[in-house]
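Just so it is clear, the values below take in all heavy atoms, side chains as well, and ignore hydrogens, waters and symmetry mates. Positions are given from 1, in the same order as the sequence printed here. Counting starts at 1 for both ligands and their atoms, in listed order.
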Amino acid sequence: MPELPEVETIKRTLAPKILGKTIYRVEVYLPKIIKNVSVEEFTRRVVGKEIVALKRRGKYLLIDLSGKETVTVHLRMTGKLLILPKGSPKDKHTHAIFDLGDLELHFNDIRQFGGFSFEMPEIGPEPLEDEFTPEYLKTKLKASQKNLKAVLLDQKIIAGIGNIYADEILFEAGLSPKRIAASLSEDEAEELFKAIRKILALGIEYRGTSIRDYVDAENQQGSFQRLLKVYGKNGSLCVRCNNVLIRERHAGRSTHYCPHCQK
Ligand SMILES: [Zn+2]
């Protein structure tokens, strides 16, 4: 569930605590969280290294280590990275502990889909960076016969948007999740571009959305859930037109929208 704003918030809370720290020891309690390499190889490549930079790419967190290693962390559904005092007890969902000297970084994941790797898949541009432009979005929209929900969720087109922010972006833009991407006018594409920027930036400003179990690296909840206008609001009245919001399945995902004012 962590999307761009949540991973960005985790990065920002984690960075001041772990930058410059050395990884003295790694304990992995669930081998499948280490992707593509063995636990032994993973351990050998990270232990003794210094954490030199922390970056985010889409929904991925990138931990740059000395010796030119980069660890990619994907939190998937329920992964959490928590910074805790040395010797903090693990619980049944703690799958790895990184010993950073005076602190520990705990990887906790109830659903067990998240994990660590040295690889980074190819994904589309960062929506809040200059590389993402209205022209780029228009080109991608024109080339797609998929609906807007599917396009927003496609990490190869735009990096970092998941189910919650996709629904909120489409509401902000006044566009139906069912609309075929190629059918958008120039003006509608501009509105969509602006909505993507606005909603994701707001998500970061409010430190992410905590509706199930998202917390940042300091175990603090976000507050963007207070600003949600459609996600999880099916059966409530639309704040824009006062009609009833609905939930339907689009692009294989539960989708919340106003069938009256989202065209
Ligand atoms: Zn409405």
Side-chain angles (χ1 to χ4, degrees), residues 1-9 58-59 77 124 127-128 132-155 157-214 221-263:
M1 195 192 80
E3 304 179 30
L4 186 155
E6 288 77 35
V7 180
E8 180 65 25
T9 303
K59 302 177 195 173
M77 301 281 291
L128 296 175
F132 181 64
T133 62
E135 290 64 39
Y136 170 85
L137 182 63
K138 284 174 197 170
T139 305
K140 291 294 179 186
L141 291 170
K142 280 199 188 93
S144 177
Q145 290 302 317
K146 291 185 174 161
N147 65 40
L148 291 177
K149 178 77 181 230
V151 168
L152 288 183
L153 292 177
D154 186 343
Q155 301 301 298
I157 296 178
I158 309 166
I161 300 172
N163 210 31
I164 296 175
Y165 293 95
D167 285 1
E168 293 299 316
I169 286 165
L170 289 170
F171 178 80
E172 174 70 22
L175 293 166
S176 167
K178 297 191 286 187
R179 270 291 287 284
I180 297 301
S183 76
L184 262 61
S185 68
E186 288 272 314
D187 285 352
E188 287 173 326
E190 288 280 350
E191 286 306 312
L192 183 58
F193 178 84
K194 282 189 223 155
I196 291 168
R197 282 268 169 97
K198 179 181 169 183
I199 295 297
L200 293 175
L202 265 179
I204 294 172
E205 192 182 323
Y206 283 79
R207 303 169 60 87
T209 304
S210 295
I211 36 178
R212 286 186 200 95
D213 54 3
Y214 162 73
Q221 294 200 332
S223 56
F224 191 71
Q225 62 277 11
R226 298 203 311 254
L227 277 73
L228 295 176
K229 303 232 174 68
V230 287
Y231 185 86
K233 305 280 184 194
N234 42 301
S236 304
L237 299 183
C238 174
V239 294
R240 196 160 48 205
C241 74
N242 227 28
N243 282 285
V244 179
L245 300 174
I246 61 169
R247 180 175 65 190
E248 290 175 350
R249 218 163 170 80
H250 294 294
R253 303 294 300 276
S254 194
T255 299
H256 313 75
Y257 71 107
C258 176
H260 187 76
C261 69
Q262 287 181 250
K263 308 284 187 193

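- Scanning for side chain to side chain contact (heavy atoms under 4.5 Å, CB included) contacts around Lys198 gives Glu172, Leu202, with sequence neighbours left out.
- To the nearest 0.5 Å, atoms CG (Asn234) and NE2 (His256) are separated by 5.0 Å.
- With hydrogens and angles disregarded, no donor-acceptor distance shorter than 3.5 Å links the side chain of Gln262 to the backbone of Pro177.
- Protein nitrogen, oxygen and sulfur atoms, that is N, O or S, within less than 2.8 Å of the Zn ion (ligand 1) amount to 4.
- Screening residues 246-263 for salt bridge (Lys or Arg N to Asp or Glu O under 4.0 Å) gives no qualifying pairs among residues at least two apart or on separate chains.
- Between Tyr165 and Leu152 there is no side-chain heavy-atom pair separated by less than 4.5 Å.
- Remark: Val244 pairs with Leu237 by the side chain to side chain contact (heavy atoms under 4.5 Å, CB included) rule, at least two apart or across chains.
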